[in-house]
There are 2 protein chains.
Amino acid sequence: MSPRVTLTDVAAHAGLSTTAVSLILNGKTGTGLSEDAHRRVFASALELGYRPNLMARGLRTEKSATLGFVSDHIASTRYAGPMIRGALHAARERSHTMFITETEGERAEQERAIQALLDRGVDALVIATVTGRAVLPERRPAVPVVLLNGTSPDEPYASVLPDEAEGARQAAEHLITLGHRRVHLLGMPPQLYDHPLITPQVKRRIEGLLSAFRAAGVDVVPIPYKREAWDAETGFETASRALRDAAPVGAVVALNDAIAAGAYEAFRSAGLEIPQDVSVVSFDDDGIVSFLRPRLSTVALPYEAMGRRSVELALEGAAPGEYLEAMELRVRESARPVA
Amino acid sequence: MSPRVTLTDVAAHAGLSTTAVSLILNGKTGTGLSEDAHRRVFASALELGYRPNLMARGLRTEKSATLGFVSDHIASTRYAGPMIRGALHAARERSHTMFITETEGERAEQERAIQALLDRGVDALVIATVTGRAVLPERRPAVPVVLLNGTSPDEPYASVLPDEAEGARQAAEHLITLGHRRVHLLGMPPQLYDHPLITPQVKRRIEGLLSAFRAAGVDVVPIPYKREAWDAETGFETASRALRDAAPVGAVVALNDAIAAGAYEAFRSAGLEIPQDVSVVSFDDDGIVSFLRPRLSTVALPYEAMGRRSVELALEGAAPGEYLEAMELRVRESARPVA
DNA sequence: CTGTTAGCGCTTTCAT
DNA sequence: ATGAAAGCGCTAACAG
């Protein structure tokens, strides 16, 4: 409708030059502009409803107050949501606006997305993954890039990751403190390396568990998965196998919540009560298993905090390296002291 | 790193003016520029890796190839995901990039978000809601706006909605075709108007059901909810009440999937088999109840298609009015012919 | 067939 | 204490 109000309009209305108005509106200090000039400018801007044209400003300053969030998946998983929400909040607090794109994990699509964002002058890029495996851009963009929930094997990028080692330590510590001296690990990979499920994060989770238990002299019984999936079915199967081949089972660590859910089933079918007969501790705090009773004690993935952190780092152009976000054990009712 | 390649660079390299290059690169026709000029320009652009600066272009053309998606919730619900995905796809197909913001349904926050997006020159806005109740902008923005999954009571906006009336008709038709002559409606509102749960969409769902059943001479038994929530608990309670106060119960329509899930429980506790003893049809096709057995026959909400449609309409500046997206009955195993 | 010029709205030297 | 002028990269009248 009404043609946009520009700096020139405000200047005319305030009886000053655009220079003066720009200086004042941007809070530039040390420009001996009079008190009165300030007053007039603010009044005019307010009265006319002036809003700076950010594209024009960006053209001049090379800053767009905009950033790009490139994610492999956003709709198809419940993990993306919290990361995006955290990122969105951090961006908003810094008066930035966020472009979001979804790449389905395809390299070509990601390149297109990054290019499209760069063409629009984003100030920074966060490349997020829900799978834990980041796809790196072919050429390093000219703006800061941070990897969210994914690592860069060789090339140095800033990457935000959950502190799996410390989270694992807490899970182990919990069972140790409760007096358990023998613990089954449900969903262990048959071998630790070069396996599709084993992202660097997962490796740290497992190694953290192992080293904490070892340090405490706790007996660890790995129950590897057969199917390559960390789902409820695997949980059911590994728990059943533990009961059959490695009894007695007094405490288990499920490598994620879905496995824990399956294990619950298996233990129940076997007539065992949780936590009276067997203690369960798990990872992720995945909302989807909130229906479990007794409620699951699990180490939460800090997705929202990670999302937030990623844009903070991106906007301040943080140095390459790993930025770990704390994982926290949420103690509920699925584990208790050994009888 | 390398300073950005501009139009001027390409022009110099090709030995032409920026005008010629601009014309050629934008595929402007009818500008008798020589074949040779075309060749040289494309070659130069390619060789130098030229990418147009979209902010500069936008400053000139008033088009940014950008749009804003303003949603009340994105992380906290599983409905937002598909809408966003659909919108993202439509935007990408049209070489547009999408800003996403989350407002928590707060008017002030939404105003801020809209203003921020307008400041960045978005070409259009889609205002999405997962609650079904759109918050309208205080002043109508200067760019096209479409409401996604929400209506505008008074002011005329383009709004994309599920075709609830037709979806309801399909659900009713299904039971009618199976020979049911008496159907219980689980989760009916005590009165149809001025009730918190009753968005215009829901009203159409209910009225669609009622009119289809009435037309077929089917006996409808409404079982209103007590607690104001369409959740599993309400499903359990209404189904139990139907059994107790309005037996026999041979077929029910649950007003959404959560209610259906609760009803499953109630029927089972009462020793009834689905679908042998009672047929169940429902609405939403909410992934979260995919665990139900027998699998639920339900009328799917077309969220992804709606998301897609919303940006198509926004980008073409569609006229105010309602744009309905088809709902589809997904026939599975929860209903069968009357004995 | 091709080039000159102006200008989008803003910031930023540099003068005064 | 304030303003003139240049210029960010692009497009579009208008001339030749």
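All figures in this text were calculated on a predicted structure; none of them were measured in a lab. Keep in mind that the numbers below use all heavy atoms, side chains included, and drop hydrogens, waters and symmetry copies. Chain A is the first sequence line, chain B the second, and so forth, proteins listed ahead of strands; every chain is numbered from 1.
Nucleotide C:dG7 holds its P atom 22 Å from the CE atom of B:M55, rounded to whole Å. In this structure, A:R4 atom CZ and C:dG9 atom C1' are separated by 10 Å, rounded to whole Å.
Residues meeting the side chain to side chain donor-acceptor pair (under 3.5 Å) test with A:S44, sequence neighbours left out: A:H13. The side-chain contact (heavy atoms from CB on, under 4.5 Å) check on B:A90 picks up B:R94, B:R308, B:V311, B:E312, with sequence neighbours excluded. With sequence neighbours left out, the side-chain contact (heavy atoms from CB on, under 4.5 Å) criterion links B:S71 to B:F69, B:I74, B:A128. When the side chain to side chain donor-acceptor pair (under 3.5 Å) test is applied to A:E322, the partners found at least two apart in sequence or on another chain are A:R204. With sequence neighbours left out, B:V130 forms a side-chain contact (heavy atoms from CB on, under 4.5 Å) with B:D72, B:H73, B:T77, B:Y79, B:A80, B:M83. For A:T101, the side chain to side chain donor-acceptor pair (under 3.5 Å) test picks out no residue, with sequence neighbours left out. Partners of B:E106 according to the side-chain contact (heavy atoms from CB on, under 4.5 Å) rule, which considers only residues two or more places apart in sequence or in another chain, are B:E104, B:E109.
Checking side-chain atoms of B:Q201 against main-chain N and O of B:N149 turns up a donor-acceptor pair under 3.5 Å. With hydrogens and angles disregarded, no donor-acceptor distance shorter than 3.5 Å links the side chain of A:T199 to the backbone of A:R133.
DNA chain C is contacted by no residue of residues 113-121 of chain A, taking any non-hydrogen atom closer than 4.0 Å. Contacts of residues 34-48 of chain A with DNA chain D (heavy atom under 4.0 Å): A:S34, A:A37.
B:L25 has its side chain within reach of B:F42: a pair of non-hydrogen atoms, C-beta onward, lies under 4.5 Å apart.
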Restricting to nitrogen or oxygen on both sides, can you table the protein-nucleotides 12-16 of chain C pairs closer than 3.5 Å?
residue, atom, partner, partner atom, Å
C:dT12, O4, A:T19, OG1, 3.2

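In terms of heavy-atom proximity, A:L136 sits nearest to A:Q110 at C-NE2, 4.0 Å. Counting all heavy atoms, side chain and backbone alike, B:V135 lies closest to B:G105 at CG2-O, 4.0 Å. The shortest non-hydrogen separation linking B:A56 to A:L59 is CB-CD1, 3.6 Å. Heavy atoms only, all atoms of each residue included: B:L148 and B:S310 are closest at CD2-OG, 3.7 Å.
B:L54 comes within contact range of no nucleotide atom at all, as no heavy-atom separation falls under 4.0 Å.
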* Stepwise salt bridge (Lys or Arg N to Asp or Glu O under 4.0 Å) check, A:D119 with B:R57 -> CA-CA 10 Å; A:D119 290 348; B:R57 175 184 289 170; over 6 Å; no

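Once you apply a 4.0 Å limit to the heavy atoms of chain A, the touched nucleotides of DNA chain D run 5' to 3' over D:dA1 to D:dG9.
The phosphate of C:dG9 has neither OP1 nor OP2 within less than 4.0 Å of any side-chain N or O from A:R57.
Each of B:S17 and B:A56 was assigned the nucleotide of DNA chain C with the nearest heavy atom; the assignment lying further toward the 5' end belongs to B:S17.
Comparing the end axes of the helix from C:dC1-D:dG16 to C:dT16-D:dA1, each fitted to five base pairs by superposing C1' atoms of four pairs onto the next four, gives an inter-axis angle of 50° (nearest 10 degrees).
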